[in-house]
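What follows is a short report on a single structure.
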Amino acid sequence: MKATRDAYGETLAQLGEQDRDIVVLDADLSGSTKTAVFAKKFPDRFFNMGIAEANMVGTAAGLAAVGKVPFVSTFAIFAAGRAWEQIRQSVAYPKANVKIVPTHGGVTVGEDGGSHQSVEDIAIMRAIPNMTVIVPADALETREAVKAAAAHKGPVYIRLGRNKVPEIFNDDYRFAIGKGCELASGNDMTFISTGLMTAQAVQAAALLGKEGISARVVHMATIKPLDQEIVLKAARETKAIVTAEEHSVIGGLGSAVAELLAEQQPTPIKRAGIHDRFGTSGKADELIKYFGLTPDDLAEAARELLGRK
Amino acid sequence: MEQEKIAFLEEKARALRVSIVKTLHKSQSGHTGGSLSAIDMVTALYFHTMRHDPENPGWEERDRFILSKGHAAPAQYVTLAEAGYFPKEDLMMLRRLGSHLQGHPDSKGTPGVEVCTGSLGQGLSMANGMALGLRLDNSRSRIYVLLGDGELQEGQVWEAVMSAAHYRLDNLCAMVDANGLQIDGEVKKVMNVGPIGDKFRAFGWHVIEIDGHDMAAITGALESAERTKGKPTVIVASTVKGKGVPRFEHKASYHGVAPNDEELNEALICLGCFED
């Protein structure tokens with residue numbers, strides 16, 4: 001078990017050694033986002049911008065304009081929310097080589113409550129042209145995604161979480177931007193999940209397996225550009241899709257999959273996620289239950305869907 | 001500075017004012033008033049102060065200019081064309097479908113445009129980022145950024161003002177084109193931003209206040225900015241919106257309106273085009 005934000009801090013510090021052009025900006029949350037690991041090692045290339053996210057994003061765009069590779073971190077709600085128009089105008093519109101890597105995405109932020117729980121960030125980032133959106137499932141995938149983002153020319157948004165999450169991948173895993181990954185084979189239905197919901201989907205598939213239901217699990221780290229091929233294949237072969245994300249069902253992974261299927265391969269679908277509500281205070285595991293994101297909830301969604309088949 | 005150089009810059013600015021009104025007349029869309037108030041400063045930057053190479057827009061050691069008040073794009077476009085960044089004929093395609101001359105500056109298409117602006121309040125932050133990045137590289141390049149006075153109403157500007165002073169960005173010079181007018185009327189009536197100089201001073205900046213149409217004052221202030229160490233400089237330039245064409249001067253109504261045939265003719269007369 002390891003938090004994706006911990007993997008981020010370590011990876012940044014590693015990348016900083018290999019590439020002198022990598023610079024990091026934070027808005028007074030470097031201890032929480034783990035950019036402090038980089039800051040300690042490379043103080044000259046770390047800029048604390050204070051509690052001023054709009055200016056932080058603009059500054060990053062300027063750094064990119066003179067050849068630097070800026071990584072920008074704060075909590076997801078402040079990165080995507082507070083600085084949305086700066087990301088649009090100063091980063092995405094000019095295709096600036098800025099990597100926006102917020103932590104504390106989703107409701108598992110926990111006790112801080114709804115003000116701090118970003119459930120819309122994937123939707124609003126996905127809507128911006130030129131933007132790539134990635135939500136890693138575990139520490140190892142975070143490491144690979146951060147490396148891939150550094151190598152990628154152009155804006156990237158990588159949403160990370162606060163809490164320790166189970167390991168899904170091992171060192172053989174080859175991450176690629178825009179590629180989904182089949183974690184369990186199955187022919188009766190498919191879970192398409194992202195971020196920490198992939199661990200829940202794997203467990204849900206195991207529960208269904210005990211009932212003789214063969215569930216496929218596709219982990220979709222990159223929500224934009226979406227791996228259309230793996231979605232359409234799952235739809236053709238299993239004819240039932242349950243999406244799972246720690247995010248609003250409006251505009252996120254569920255929407256992206258539903259949009260694709262509606263146009264190209266109409267298929268029964270259920271979207272597990274936050275149903276048009278704000279978050280609330282509580283412990284992370286309590287909130288996962290509260291919002292219906294447990295393996296039991298996902299398995300139940302699959303059963304309902306199979307009942308309609 | 002010698003009188004000859006000042007006269008040269010004044011003549012350049014006059015010719016560029018002609019180019020602005022002709023360009024806007026052709027496009028029949030765009031921002032006349034703020035382009036004419038800013039052009040003297042833009043002229044001084046490109047034809048006197050900045051080290052740049054129109055043949056090689058990506059020259060690493062160049063000084064950089066950001067037009068944060070991106071709606072004054074015609075002022076930057078006519079200057080870039082005059083300097084040789086792209087053919088002057090391109091100006092006649094301003095704001096047309098397929099043209100690299102977008103309604104607001106777009107670094108993806110126009111040689112010499114460093115970043116995308118147009119949504120107000122973001123240019124100084126980008127200028128700060130450039131100044132920080134170039135300082136990391138021990139570059140001697142300087143960054144110039146032009147803001148409007150109405151633009152100072154954007155909160156992000158003050159985040160950036162704070163940040164530039166905090167990081168002691170003495171390779172950065174901001175200029176405020178204080179023409180006193182914005183779309184809905186007088187800046188002081190819409191939302192007063194004054195006293196501008198005092199605000200920047202309180203944030204720790206070196207402040208120079210000048211007449212933004214006095215070429216000797218502009219070039220002198222830019223030289224003073226370059227000599228200033230340990231803090232960023234802002235040149236607060238009092239200007240006249242629509243400067244050079246009396247019909248457009250001091251009028252908020254010419255903020256975002258292009259000249260019609262009659263106005264073009266009058267402007268060309270005022271700008272000395274038919275004297276011979």
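Residue numbers start from 1 in every chain, and the chains themselves are labelled A, B, ... in the order their sequence lines are given, proteins ahead of strands. Small disclaimer: the values here were computed from a predicted structure and weren't measured.
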side-chain contact (heavy atoms from CB on, under 4.5 Å) evaluation trace for A:L226 with A:M220
CA-CA 8 Å; A:L226 189 72; A:M220 197 67 82; 3.9 Å; yes

Does a side chain donor of either B:D90 or B:H100 reach within less than 3.5 Å of an acceptor in the other side chain?
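Short answer, yes.
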
Quiz question: by atom type and distance under 3.5 Å, do the side chains of A:S73 and A:D26 form a donor-acceptor pair?
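On atom types as modelled, these side chains do not qualify, holding no pair under 3.5 Å.
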
Taking every non-hydrogen pair under 4.5 Å, which of [options] racks up the most with chain A?
| options | value |
| --- | --- |
| B:N128, B:L136, B:L134, B:I66 | B:L136 |
| B:A131, B:S163, B:S107, B:S119 | B:S119 |
| B:S139, B:G129, B:G155, B:A127 | B:G129 |
| B:G133, B:G118, B:S141 | B:G133 |
| B:E114, B:E60, B:Q156 | B:Q156 |
| B:V115, B:T117, B:V157 | B:T117 |

Look at the rings of A:F38 and A:F42 and say which category their plane angle falls in: under 30° parallel, 30 to 60° tilted, over 60° perpendicular.
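Judged by the thresholds at 30° and 60°, the geometry between A:F38 and A:F42 is tilted.
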
Check whether A:E85 gets within reach of chain B through its side chain, its backbone, both or neither, counting any heavy atom under 4.5 Å.
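The answer is both parts of A:E85.
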
A:A54 versus chain B, the contacting section by heavy-atom distance below 4.5 Å:
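When you check distances to chain B, atoms from both the backbone and side chain of A:A54 fall under 4.5 Å.
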
B:Q102 versus chain A, the contacting section by heavy-atom distance below 4.5 Å
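The side chain, not the backbone.
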
Would you call A:E120 and A:R126 a salt bridge, taking side-chain N to carboxylate O under 4.0 Å as the test?
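Answer for the salt bridge query: no.
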
For the side chain of B:R95 and the backbone of B:M93, is there at least one donor-acceptor N/O pair under 3.5 Å apart?
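No.
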
Is it the case that B:K108 places NZ or CZ above or below the six-membered ring of A:Y93, under 6.0 angstrom from the centre and within 45 degrees of the axis?
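Yes.
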
